[in-house]
*Asks:* 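Pasting a structure below so you can have a look.
The model shown is predicted, which means the values in this text are computed figures rather than measured ones. Lettering follows sequence order; numbering is per chain, from 1.
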Amino acid sequence: MTDQNPKTLIVVTGPTAVGKTSLSIELAQFFNAEILSADSRQFYKELNIGVARPDEEELSAVKHHFIAHLSVHDYYNVSKYEVEALDRLQHLFSTYNYAIMTGGSGMYIDAVCKGIADLPDADPQLREELNLQLKEEGIEFLRAQLKLLDPDYYQQVDLANPIRIIRALEVILETGKPYSYFRDNTYKKRPFHIIKLALQLERNILNERINLRVDEMFEKGLLSEAESLLPYQKLTALNTVGYKELFDYFNQKISFDQAKEDIKTHTRRYAKRQMTWYRKDPDIVWFNPSEKVKIIQYIEQQRRHEL
RNA sequence: GGCGUCGUAGCUCAGUAGGUAGAGCAGAGGACUGAAAAUCCUUGUGUCACUGGUUCGAUUCCAGUCGAUGCCA
């Protein structure tokens, strides 16, 4: 591919605690770029310690976007992020040749790189109704509705997963059209190059880092951060590892030690799910976090190749 | 020291009226189209503590050894 467009988005992803933040800052400095966070929990200003937001020093070293720009009370979703990130990229590319997107939310990264179907936002009231139906009538009831309203999607959807069924019903009931009508798996072409890389560590080393980082979070005051958010525990943004376990502790469902263990376990599982997501992306090239020189060489080589 | 109970998957434990065993959790793999740090699916062979004995056959019964634990001294 040869064209004269030099604008390049460097995507740095990988499982939680692998070392994305510090590498991104170094790359941003090297390539003279700003950083866009693609971390669906670092968006929220109330979440800091528990979501390992970059510290003040890191944030002042390089300009970051999409960090602490929302409140946990705001409704947000991938599609909004797609629009806002593309808009911000266009703006950044008017002065810079590079931008760096870093974070662990695979779906959010994909929305920016590949696009996502054009669907209506969730209607909170309808969602509440459907959740109530799930609770009172059971998942079978929702399945039956879906089967009637969108037999095609009924064939494809994970019928054990209430979230998927509810989402489809939301769209159908809001628009009067089947959910499958909106689903679109064609990739959108972006007006910039994308170089995707991911960081990887051996599982047991990553697990050690996770355990260590959770301990550090507690030293930094995670307990009081979570306590201050207890009144909002029902919010979607607070259905987050590091907080929900402490809510269980505050609600006297589990002991403090158990909560701490659960946070470690759930973070490990989160990292595992992230790996599952990235592994199937053929555009990702994998590196060890320590291979900074190699990573820079790779990026430069890709650029030369594309220009 | 004596008496009792226990020793089974990484952990907690079930079970086999003698035919080599199974749950939960952890772990592993996967899915994923506006809840995504969310949500969901699949996945359990391990000297049944050790050494002998009885038996066609012992993880299961018996004896001893070691370890854990409780009570009594």
*Asks:* If you only use heavy atoms from C-beta on, which nucleotide in B/G34, B/G27, B/A31 is closest to the side chain of A/K280?
*Replies:* B/A31
*Asks:* For atom C1', what is the distance between B/U12 and B/C6, given to the nearest Å?
*Replies:* 14 Å
*Asks:* Between B/U47 and B/U51, how far apart are the C1' atoms? Round to whole Å, please.
*Replies:* 13 Å
*Asks:* Less than 4.5 Å apart, any side-chain heavy atom of A/T21 and any of A/E58?
*Replies:* yes
*Asks:* Of all of residues 112-120 of chain A, which get a heavy atom below 4.0 angstrom from RNA chain B, listed by number?
*Replies:* A/I116, A/A117, A/D118, A/L119
*Asks:* What's the gap between B/G1 and B/G52 when it is taken at their C1' atoms, as a whole Å value?
*Replies:* 26 Å
*Asks:* With sequence neighbours left out, write down each residue that passes side chain to side chain donor-acceptor pair (under 3.5 Å) with A/T16, or none if nothing qualifies.
*Replies:* A/R213
*Asks:* Find every protein N or O atom lying less than 3.5 Å from an N or O atom of nucleotides 9-12 of chain B, and list the pairs.
*Replies:*
none

*Asks:* Would you mind classifying the nucleic acid contact of A/Y243 as base, sugar-phosphate or nothing, using non-hydrogen atoms under 4.0 angstrom?
*Replies:* nothing
*Asks:* Kindly assign one of parallel, tilted or perpendicular to the pair A/F250 and A/F247, based on the angle between their ring planes and the thresholds 30° and 60°.
*Replies:* tilted
*Asks:* Tell me whether the count of non-hydrogen atoms from other residues, nucleotides or ligands lying under 6.0 Å of NZ in A/K292 goes above 12.
*Replies:* yes
*Asks:* Can you tell me how far P of B/C25 sits from CD of A/Q258, to the nearest Å?
*Replies:* 13 Å
*Asks:* To the nearest Å, give me how far apart CD (A/E261) and C1' (B/G27) are.
*Replies:* 15 Å
*Asks:* Under 3.5 Å, which N/O atoms of the protein pair with N/O atoms of nucleotides 38-42 of chain B?
*Replies:*
unit_1	atom_1	unit_2	atom_2	d
B/A38	OP1	A/K244	NZ	2.7
B/A38	OP2	A/R273	NH1	2.2
B/A38	OP2	A/R273	NH2	2.7
B/A38	O3'	A/N239	OD1	2.8
B/A38	N1	A/R164	NH2	3.1
B/U39	O2'	A/N161	OD1	2.3
B/U39	O2'	A/N161	ND2	3.4
B/U39	O2	A/N161	ND2	2.8
B/C40	O4'	A/N161	ND2	3.2
B/C40	O2'	A/D158	OD1	3.3
B/C40	O2'	A/D158	OD2	2.6

*Asks:* Under 4.0 Å between any heavy atoms, over every strand shown, what does A/N131 touch: base, sugar-phosphate, or nothing? Just pick one.
*Replies:* base
*Asks:* Considering only residues two or more places apart or on different chains, which pairs with a residue in residues 195-216 of chain A satisfy ring pair (Phe, Tyr, Trp, His ring centres under 6.0 Å)?
*Replies:* none
*Asks:* Give me the residues of residues 133-155 of chain A where at least one heavy atom lies under 4.0 Å from an atom of RNA chain B, by number, or none.
*Replies:* none
*Asks:* Would you mind reading off the distance between A/Q156 atom CD and B/U33 atom C1', rounded to a whole angstrom?
*Replies:* 11 Å
*Asks:* Please give, in whole Å, the distance from B/C32 P to A/I109 CD1?
*Replies:* 17 Å
*Asks:* Measuring only the P atom in each nucleotide, how far is B/C25 from B/U65? A whole number of Å is fine.
*Replies:* 41 Å
*Asks:* More than 12 heavy atoms of other residues, nucleotides or ligands under 6.0 Å from CD of A/Q90: yes or no?
*Replies:* no
*Asks:* Quick test of your reading: applying ring pair (Phe, Tyr, Trp, His ring centres under 6.0 Å), list the pairs with at least one residue in residues 148-183 of chain A, sequence neighbours left out, ordered by first then second residue.
*Replies:* A/Y153-A/Y179
*Asks:* Please list all pairs passing the side-chain hydrogen bond (donor to acceptor under 3.5 Å, both in side chains) test where one or both residues lie in residues 45-56 of chain A, with sequence neighbours left out.
*Replies:* A/E46-A/S71
*Asks:* Write down the distance between CG (A/L238) and C1' (B/A36), rounded to a whole number of angstrom.
*Replies:* 15 Å
*Asks:* Any side-chain N or O of A/R167 below 4.0 angstrom from OP1/OP2 of B/A35?
*Replies:* yes
*Asks:* For the ring pair A/Y108 and A/F43, is the centre-to-centre distance below 6.0 Å?
*Replies:* yes
*Asks:* Could you tell me how far apart A/D281 (CG) and B/G30 (C1') are, to the nearest whole angstrom?
*Replies:* 16 Å
*Asks:* Under the rule for salt bridge (Lys or Arg N to Asp or Glu O under 4.0 Å), what residues qualify as partners of A/K147, not counting sequence neighbours?
*Replies:* none
*Asks:* Which of the following nucleotides, B/A35, B/U33, B/A26, is nearest to the side chain of A/R183?
*Replies:* B/U33
*Asks:* Check side chain to side chain donor-acceptor pair (under 3.5 Å) between A/S37 and all other residues, then give those that pass, not counting sequence neighbours.
*Replies:* none
*Asks:* For A/K294, I'd like to know if atom NZ has over 12 heavy atoms of other residues, nucleotides or ligands within 6.0 Å.
*Replies:* no
*Asks:* Between A/Y98 and A/F93, does the ring centroid distance fall short of 6.0 Å?
*Replies:* no
*Asks:* With pairs taken as Watson-Crick or G-U wobble and both distances under 3.5 angstrom, which stems of at least three consecutive pairs involve RNA chain B?
*Replies:* B:1-7 with B:66-72, B:10-13 with B:22-25, B:27-31 with B:39-43, B:49-53 with B:61-65
*Asks:* Ignoring hydrogens and angles, answer whether the base of B/G29 and the side-chain atoms of A/K272 contain a donor-acceptor pair closer than 3.5 Å.
*Replies:* yes
*Asks:* B/G27, OP1 or OP2 - any side-chain N/O from A/R268 closer than 4.0 Å?
*Replies:* yes
*Asks:* B/A35, B/A36, B/A28: which one has an atom nearest the side-chain heavy atoms of A/I166?
*Replies:* B/A35
*Asks:* Of the candidate nucleotides B/A26, B/A31, B/A35, which contains the atom at the shortest distance from the side chain of A/R269?
*Replies:* B/A26
*Asks:* Check the surroundings of atom CG in A/D118: do more than 12 heavy atoms from other residues, nucleotides or ligands lie under 6.0 Å from it?
*Replies:* no
*Asks:* What's the spacing between A/L142 CG and A/L169 CG if we round to 0.5 Å?
*Replies:* 6.0 Å
*Asks:* I'd like the P distance from B/G46 over to B/G53, given in whole Å.
*Replies:* 28 Å
*Asks:* Measure up the A/H73 and A/Y232 rings against each other and bin them: parallel (under 30°), tilted (30 to 60°), perpendicular (over 60°).
*Replies:* perpendicular
*Asks:* In chain order, what residues pass the side chain to side chain contact (heavy atoms under 4.5 Å, CB included) check against A/Y96, with sequence neighbours excluded?
*Replies:* A/N32, A/E34, A/L92
